Number of protein chains: 2
Amino acid sequence: MVSIFIVDDHPVVVEGLKSVIEKLEGLHICGIAYNAVAAINTLKTVRPDVLLLDINLPDISGVDLCKKIRKEFPDIKIVGISTFSERSYISRMIENGAMGYLVKSASAEEIADAIATVMQGKLYMSLNIEYLLRPSSVVNSEMLPNLTKREKEVLQYIAEGLTNNQIADKIFVSTSTVDTHRKNMITKLGVSNTASLIRFAVEHGLID
Amino acid sequence: MVSIFIVDDHPVVVEGLKSVIEKLEGLHICGIAYNAVAAINTLKTVRPDVLLLDINLPDISGVDLCKKIRKEFPDIKIVGISTFSERSYISRMIENGAMGYLVKSASAEEIADAIATVMQGKLYMSLNIEYLLRPSSVVNSEMLPNLTKREKEVLQYIAEGLTNNQIADKIFVSTSTVDTHRKNMITKLGVSNTASLIRFAVEHGLID
DNA sequence: CTAAAAATCCCCTTTTTCGTGGAGATCTGA
DNA sequence: TCAGATCTCCACGAAAAAGGGGATTTTTAG
């Protein structure tokens with residue numbers, strides 16, 4: 001018998017999940033929370049196998065709560081749930097310890113599948129192909145003005161915290177050159193300064 | 001009949017995958033490449049359903065190649081393969097359009113499962129629970145000196161490219177205060193400057 | 001209540017980055 | 001071969017951040 005705990009602030013969603021899960025064999029709901037604080041408190045006494053966690057909660061962000069639960073109750077398998085299947089949300093959840101991701105439009109089979117998969121210790125991700133093959137993911141790569149090899153090299157060092165001077169020493173060019181590369185990247189990518197340049201770079205995987 | 005293309009620079013791995021896949025029903029190998037350039041060239045004539053892509057290639061990084069293939073051949077479903085099941089690699093691959101992730105130690109069933117799953121348009125991730133429940137993921141959350149609410153707020157604005165001055169105006173405090181928060185974060189997180197602060201922050205999901 | 005933590009503010013100097021505008025050298029693909 | 005991209009370098013001033021101090025007021029949690 002696998003015990004499930006639901007954390008979501010939308011009563012409708014909670015009821016929906018509840019009725020779907022209770023119809024499935026081998027599963028039962030062991031608790032519900034409508035916000036992060038309530039969830040943490042209840043988890044001190046109830047210990048579910050799987051926790052279905054909404055990404056958007058009223059008090060704390062789902063990602064933060066995910067991190068917290070992972071730390072305090074590492075045995076609980078967390079499955080993120082949300083309305084959208086955004087790649088960025090998904091990878092964020094994975095980084096913070098979620099074992100799965102479900103969209104709210106998931107079918108009963110998908111929910112059962114997700115729970116079974118995470119119980120086996122694997123990651124489960126529900127995503128429909130139409131979404132994945134469309135623009136949003138293309139935009140990321142297509143809209144990117146491409147940086148030159150040298151620029152990427154400099155960018156990498158900037159991200160590591162080196163100053164123009166230190167980079168210049170490292171790649172045997174003058175400080176002016178490094179500075180020019182930095183400025184060109186800021187212009188190319190349409191950001192306002194080094195801080196936002198690095199943010200952009202990390203978010204777009206331009207940095208190792 | 002699902003056609004598979006393999007990109008990996010280790011002949012042993014290629015042979016292994018080949019023999020495993022050829023024994024499975026409904027699958028066949030339509031091509032092999034030992035590096036990124038060869039892969040791109042061959043893909044101009046051969047059009048596989050699924051591409052198994054090693055993360056570590058001699059010429060370009062697997063992530064870059066993944067992005068490139070996604071852009072030029074959006075119909076091909078890419079499954080990343082690597083020796084390790086590092087969360088950071090996994091989320092990087094997802095961000096760049098991969099539909100799945102397999103460790104090289106995967107069994108024949110897992111490989112078949114992965115291919116079937118991505119063909120259905122879902123993400124497939126192979127990960128063993130022992131790995132996921134161990135330190136590395138705990139380290140991320142446990143080692144993090146926690147930033148205060150105010151610091152996170154300032155951090156967010158810094159990442160958006162605002163200067164101390166602009167942030168000060170926004171949150172109605174003096175520039176000195178914002179500067180102090182910035183310095184404290186740099187010290188707390190043990191980074192050298194704002195650039196590396198932002199890199200750290202984005203990589204650890206401290207920024208929305 | 002009280003100690004610790006957080007948030008606020010200020011000084012100073014040095015270093016780094018930003019903004020602007022330019023310019024020669026080298027590489028590379030059509 | 002020849003244009004265009006890339007890489008290299010520079011100057012100048014203004015603005016911002018780094019590094020080092022120190023200090024007071026709120027908030028928070030036990």
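Order of the sequence lines fixes the chain letters, A, B, ..., with proteins taken first and strands second; residue numbering starts at 1 for each chain. Remember, predicted model here, so these are calculated numbers, not experimental data.
Between A:Asn184 and A:Thr187, the side chains place no donor N or O within less than 3.5 Å of an acceptor N or O (distance only, hydrogens not considered). Between the side chains of A:Asn164 and A:Thr175, not a single donor N or O lies within less than 3.5 Å of an accepting N or O.
Atoms CD1 (A:Ile186) and P (C:dG19) sit 7 Å apart, rounded to a whole Å. Atom pair B:Lys152:NZ and C:dA6:C1' shows a separation of 14 Å (rounding to whole Å applied).
When DNA chain D is scanned 5' to 3' for any atom under 4.0 Å from a heavy atom of chain B, the first and last hits are D:dA16 to D:dG20.
How far CD1 of A:Ile32 is from CD1 of A:Ile29: 6.0 Å, rounded to the nearest 0.5 Å. Atom CD of B:Glu153 and atom OG1 of B:Thr148 lie 9.5 Å apart (nearest 0.5 Å). Here CG of B:Asp49 is found 7.0 Å from CD1 of B:Ile4. Values are rounded to the nearest 0.5 Å.
Contact annotation: A:Asn164 reaches the phosphate of C:dT17 (side-chain N/O to OP1 or OP2, under 4.0 Å). Within the 4.0 Å cut-off from OP1 or OP2 of C:dT17, not a single side-chain nitrogen or oxygen of A:Asn193 is found.
A:Asp8 places no side-chain N or O within donor-acceptor distance of the main-chain N or O of A:Asp54, the cut-off being under 3.5 Å. Under the 3.5 Å distance criterion, the side-chain polar atoms of B:Ser192 are matched with a main-chain donor or acceptor of A:Gly161.
Residues B:Ser192 and B:Gln166 both approach DNA chain D. Their nearest nucleotides, taken by heavy-atom distance, put B:Gln166 toward the 5′ side.
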### Per-nucleotide protein contact string for nucleotides 7-14 of chain C, where B marks a base within reach and S marks sugar-phosphate only (heavy atoms under 4.0 Å, - for neither)
SBBB----
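Counting heavy atoms from C-beta on, the side chains of A:Val178 and A:Tyr157 never come closer than 4.5 Å.
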